[in-house]
Amino acid sequence: MTDPKRYLITSALPYANGPKHIGHLAGAYLPADIYVRYLRALKKDVLYVCGSDEHGAAITMQALKEKTTPQAIVDKYHAMLKSNMADLGISFDIYHRTSSPIHHETAQEFFTMLNDNGDLEQKESEQFFDEEAQSFLADRYITGTCPICGYVGAFGDQCEKCGTSLSPEQLVNPRSTLSGITPIKKVTTHWYLPLNKHEAFLRQWILEDHKEDWKVNVVGQCKGWIEMGLQPRAVTRDLDWGIKVPRQDAEGKVLYVWFDAPIGYISATKQWAIDNDKDWKPYWYNADTKLVHFIGKDNIVFHAIIFPVMLKLHGNILPDNVPSNEFMNLEGDKMSTSRGWSIEMEDYINDFVKKENGGDQMVDALRYYLTAIAPETKDSEFTWKGFQDAVNSELVAVFGNFINRAFVLMHKLCGGKVPKFHNEIMDDADKQMLEEIKITKQKIAQNIEVYKFRDALAEVIDLARKGNKYMQDKEPWIVAKKVSPNPSEGGEYDPNAQNIIDNCLHICLQLTANLAIFINPFLPNAARRLCVMMKTVDKMLDWENAGSAKLLSVGYSLRPPELLFKKIEDSEVSEQVEKLKIKSEAIKMENSKKDGGQQKTDETSKINGDTKVSEAQVPPLEKFREAIKSEIQFDDFAKIDLKVGTILSAEKVAKADKLLKLEIDLGFEKRTVVSGIALHFSPEDILGKQVVVVANLAPRKMRGIESNGMILMAEDAEGKLKFVAPDAVVNNGSGVS
RNA sequence: GUCGGGGUAGCUCAGCUGGUUAGAGCAUCGGAUUCAUAACCCGAAGGUCGGCAGUUCAAGUCUGCUUCCCGAUACCA
């Protein structure tokens with residue numbers, strides 16, 4: 001977008017079910033903050049919103065775990081996240097929360113408008129239901145044995161042990177975490193967002209309009225989704241923690257957390273407008289607003305496909321870009337709070353920022369390293385040694401040291417004042433140095449504008465490096481010997497000596513002021529402290545001032561230098577590495593204790609003989625009982641049109657290991673039916689077989705092939721499939737009832 | 001399984017439409033220097049560009065296959 005009137009910047013809403021680590025910080029918050037601080041320095045109209053995502057089943061799970069209420073959980077973690085972000089200099093204009101009334105209203109209005117406009121669909125589906133607790137169960141609320149690795153505590157959506165993503169149906173011996181009983185399946189009604197209806201729009205908008213300016217991983221993943229065929233997505237759930245679906249016929253239903261969370265950006269904007277007596281609407285409705293969502297790679301489809309469809313249907317503007325970062329690993333392994341292999345923002349703040357030897361500069365140290373290794377194009381890795389090296393030999397030795405030596409020399413050789421610049425003896429090195437400042441300004445701006453913060457920061461350090469070299473070449477400390485030579489050393493007086501020194505330090509100081517402007521979006525604390533040292537106002541940090549060689553007035557006396565950053569000691573990093581190991585070991589022990597407990601019950605049941613059924617075993621009859629669905633009327637059954645047909649041809653569907661494409665002769669017509677039986681039958685085995693087909697089933701696309709009907713199959717206890725068919729050949733097209 | 005991204009010097013990463021001896025910072029080693037947080041500055045050494053095949057006068061860069069890491073995920077009506 002060229003020259004937007006205002007900017008609306010968002011960072012992914014952190015989920016308030018626990019502390020968040022520095023990988024999150026590096027992925028979605030720090031880059032956004034740098035961008036926002038840069039825009040503010042440009043004096044743009046920019047609003048930066050974020051907040052805690054406080055709904056969803058994982059919150060209620062955490063409440064069970066901590067033996068408290070969901071509200072208590074979100075209150076606790078919202079407060080923690082909010083203060084952590086503030087402590088680390090993430091400068092939200094508002095950090096809001098989705099449990100607030102204004103968010104509930106906003107999300108409900110959003111749903112109502114889409115529903116009233118006919119943009120949502122209502123469909124029935126079967127969900128697991130806990131009869132004892134009288135409650136539908138989110139996938140997370142069902143535990144059982146993982147069919148892949150046999151882990152006893154797998155969840156309905158994922159096995160934490162082997163990492164496989166699961167559906168609750170796949171669990172062996174599923175149990176409700178609410179009551180412990182085996183859940184049954186029950187029909188429920190939900191609202192869906194028919195993404196499939198917006199394929200043409202998404203193709204144009206993402207694959208054409210943004211194929212150049214969006215990151216390859218974002219466009220690539222969206223392309224994959226679109227090509228795969230978009231499916232309607234449920235926007236409601238049966239749960240009691242969340243935003244009530246604003247309809248009388250939706251008792252006990254809430255908006256699905258993914259639907260309500262991104263609307264949090266809008267409600268946060270509204271709250272900000274109220275607090276600041278502003279109008280929120282232009283930020284979400286005017287086409288001259290540039291909306292940018294900063295996210296991690298796990299969030300791409302929500303922010304690039306689903307939320308934009310919602311926004312479009314609701315009449316809002318669309319994001320101009322969705323800069324998504326990859327992930328940051330830690331000391332050779334994935335960062336994970338639950339496994340204890342992480343550096344929580346909270347912990348870093350306690351260990352470095354709050355200690356007497358830490359403070360703001362340690363915020364900047366972290367911001368420096370996280371930006372320098374930001375996972376912009378691929379996963380990156382945080383190591384404590386890397387942190388120490390980056391801080392000590394780049395931030396301290398190059399940047400901090402340049403500024404320190406400029407200040408020290410100025411105090412020693414120029415009386416603590418900004419020296420005069422003598423144009424008449426200006427040389428090429430001086431010109432070159434001044435020119436470099438301007439070039440660097442351009443490079444930084446160009447990089448930030450395309451979200452390359454790592455490169456932008458490297459430019460700042462590189463400019464300081466050039467400053468060091470310039471000073472080295474000019475060596476004013478040598479020239480100083482010619483100002484007041486010591487005859488015993490054979491020094492010679494040079495009337496020009498002081499002027500040479502003045503020019504060098506004049507340029508070094510102007511460069512220092514420029515460095516303050518350049519470093520400001522990245523390391524705001526350092527920039528502020530530089531302003532104090534130079535006795536300038538914060539306004540000097542406005543971006544338009546960058547490139548100027550007149551930021552500090554001649555004759556102006558400056559404060560004595562103060563070290564901007566301290567070196568990080570070996571002991572500090574080794575302590576952290578040790579701490580990390582201890583933390584993850586402790587959690588591993590705890591988990592294996594749990595495992596051990598479960599295995600013990602297994603063993604006990606074996607020792608007791610076969611009279612007791614072990615938890616890990618599948619009770620087959622029980623399994624069939626579960627499968628009994630809720631009662632229907634004859635009319636419901638009569639709606640189903642069953643016909644006998646013969647399989648004329650069968651072929652494997654490309655890129656699908658379970659699907660067969662079948663031609664079926666129904667007597668009066670031939671049908672294409674796609675059936676998921678490829679693992680049980682090979683195409684040639686089933687040619688000519690008679691089958692029972694649901695003839696009036698709505699067509700459905702699978703792998704791009706439209707399936708018109710479904711074939712009835714029987715499944716035995718081992719999951720083997722058998723055809724349901726007449727026991728003697730009948731005419732194709734015969735009815736079944 | 002499928003889709004997407006990625007595997008380039010010890011480490012963190014650049015390398016646009018294929019073109020002379022593959023780049024940067026850090027780490028390492030050597031030199032110079034002392035204004036500076038034993039900092040800076042100069043120089044050297046470091047890579048069969050995950051593997052195999054192919055296209056081409058020429059491939060890190062294109063094609064196919066293969067392997068490893070990360071993310072997203074079906075379908076099974």
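Chain naming here is simple, since letters A, B, ... match the order of the sequence lines and numbering starts at 1 in each.
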Output yes when A:Glu208 and A:Lys211 qualify as a salt bridge under the 4.0 Å nitrogen-oxygen rule, no when they do not. yes

Please determine whether a side-chain nitrogen or oxygen atom of A:Lys385 lies at a distance below 4.0 Å from atom OP1 or OP2 of B:C11. no

Quick one: A:Tyr368 OH to B:U37 C1', roughly how many Å, whole number? 16 Å

Any ion pair linking A:Glu326 and A:Lys378 (charged N to carboxylate O, less than 4.0 Å)? no

Residue closer to the 5' end of RNA chain B, A:Asp389 versus A:Asp455 (nearest nucleotide): A:Asp455

Would you say B:A24 has OP1 or OP2 under 4.0 Å from some side-chain N or O of A:Arg465? no

A:Glu562 with A:Arg529: basic N within carboxylate O range, under 4.0 Å: yes

Any Lys/Arg nitrogen of A:Glu394 or A:Arg465 sitting under 4.0 Å from an Asp/Glu carboxylate oxygen of the other? no

Are any of A:Lys469's side-chain N or O atoms less than 4.0 Å away from OP1 or OP2 of B:C42? yes

Can you tell me if A:Lys334 touches the phosphate of B:G71, counting only side-chain N or O atoms and a distance under 4.0 Å to OP1 or OP2? yes

Is the shortest distance from a Lys or Arg side-chain nitrogen in A:Arg203 or A:Glu199 to a carboxylate oxygen in the other one below 4.0 Å? yes

C1' spacing across the pair B:G4 / B:C42, given as an integer number of angstrom: 46 Å

Whole angstroms only, please: what is the CG-P distance between A:Asp473 and B:C40? 15 Å

Rounded to whole angstrom, note down the C1' distance from B:G25 over to B:C68. 27 Å

B:C65 and B:C3, which share atom name P, separated by this distance in whole Å: 11 Å

Is any side-chain N or O of A:Lys297 closer than 4.0 Å to OP1 or OP2 of B:G4? no

Taking any heavy-atom pair under 4.0 Å as a contact, classify A:Ile373: base, sugar-phosphate, or nothing. sugar-phosphate

State whether the side chain of A:Asn325 and the backbone N or O of A:Gly27 hold a donor-acceptor pair below 3.5 Å, judged by distance alone. yes

Picking from B:G6, B:A36, B:U34, the nucleotide nearest the side-chain atoms of A:Lys378 would be B:G6

Counting only heavy atoms not in A:Lys689, do more than 12 sit closer than 6.0 Å to its NZ atom? no

Does B:C35 have its OP1 or OP2 closer than 4.0 Å to a side-chain nitrogen or oxygen of A:Lys481? no

Given that both distances must come in under 3.5 Å, which nucleotide forms a Watson-Crick or G-U wobble pair with B:C29? B:G43

Minimum-distance nucleotide (side-chain atoms of A:Trp477 versus B:U73, B:U34, B:A36): B:U34

Are A:Asp333 and A:Arg339 ion-paired here, with the side-chain N under 4.0 Å from a carboxylate O? yes

What does the list of N/O pairs under 3.5 Å between the protein and nucleotides 65-68 of chain B look like, with a distance for each?
none

Distance between P atoms of B:A14 and B:A24 (Å, rounded): 16 Å

Calculate the interatomic distance between A:Gln221 atom CD and B:G71 atom C1'; express it in whole Å. 6 Å

Please give, in whole Å, the distance from B:C26 C1' to A:Phe387 CZ? 15 Å

Does B:A27 have its OP1 or OP2 closer than 4.0 Å to a side-chain nitrogen or oxygen of A:Ser393? yes

Pick the C1' atom in B:C52 and in B:G5, then give their distance to the nearest Å. 23 Å

For atom C1', what is the distance between B:G23 and B:A45, given to the nearest Å? 16 Å

Answer yes or no: is there an ion pair linking A:Lys474 with A:Asp427, defined by an N-O contact shorter than 4.0 Å? yes

May I ask you to say what A:Ile300 touches in the nucleic acid, namely base, sugar-phosphate or nothing, with a heavy-atom cut-off under 4.0 Å? nothing

Is the NZ or CZ atom of A:Lys297 both under 6.0 Å from the centre of the six-membered ring of A:Phe327 and within 45° of that ring's axis? yes

Just call it for A:Val408: base, sugar-phosphate, or nothing, with non-hydrogen atoms closer than 4.0 Å on any strand. sugar-phosphate

C1' atom, B:C13 versus B:G47: distance in rounded Å? 14 Å

Atom C1', compared across B:G60 and B:C76: separation rounded to whole Å: 42 Å

Once you round it to whole Å, what is the distance between C1' of B:A14 and CD of A:Glu459? 12 Å

For the side chain of A:Val216, starting at C-beta, report the closest nucleotide among B:U37, B:G5, B:A39. B:G5

Working to the nearest 0.5 angstrom, can you tell me the gap between A:Gln498 CD and A:Asn503 CG? 10.5 Å

Opposite nucleotide pairing with B:G4, Watson-Crick or G-U, both atom distances under 3.5 Å: B:C70

Quick note, A:Ser380 side chain, CB onward, closest among B:C13, B:A39, B:C41 is B:C13

Residue whose nearest RNA chain B nucleotide is more 5′ - A:Tyr369 or A:Leu409: A:Tyr369

Can you figure out which of B:U37, B:U73, B:A14 approaches the side chain of A:Asn404 most closely? B:U37

If only side-chain N and O atoms of A:Arg405 are considered, is one of them under 4.0 Å from the OP1 or OP2 phosphate oxygen of B:C41? no

Separation of A:Phe327 atom CZ from B:C69 atom P, in whole Å? 17 Å

Tell me whether B:G46 sits syn or anti, counting syn as a glycosidic angle within 90° of 0. syn

Nearest-Å distance for atom pair CD1/C1', residues A:Ile305 and B:U73: 12 Å

Atom-pair distance (CE on A:Met228; C1' on B:A72), nearest Å: 8 Å

Students often get this wrong, so: under 4.0 angstrom with heavy atoms, is A:Phe402 touching a base, only sugar-phosphate, or nothing? nothing

Any A:Lys215 side-chain N or O less than 4.0 Å from OP1/OP2 of B:G4: no

Using a cut-off of 4.0 Å on non-hydrogen atoms, how would the nucleic acid contact of A:Glu394 be classed: base, sugar-phosphate, or nothing? sugar-phosphate

Side chain of A:Gln472 (C-beta onward), nearest among B:U37, B:G71, B:C41: B:C41

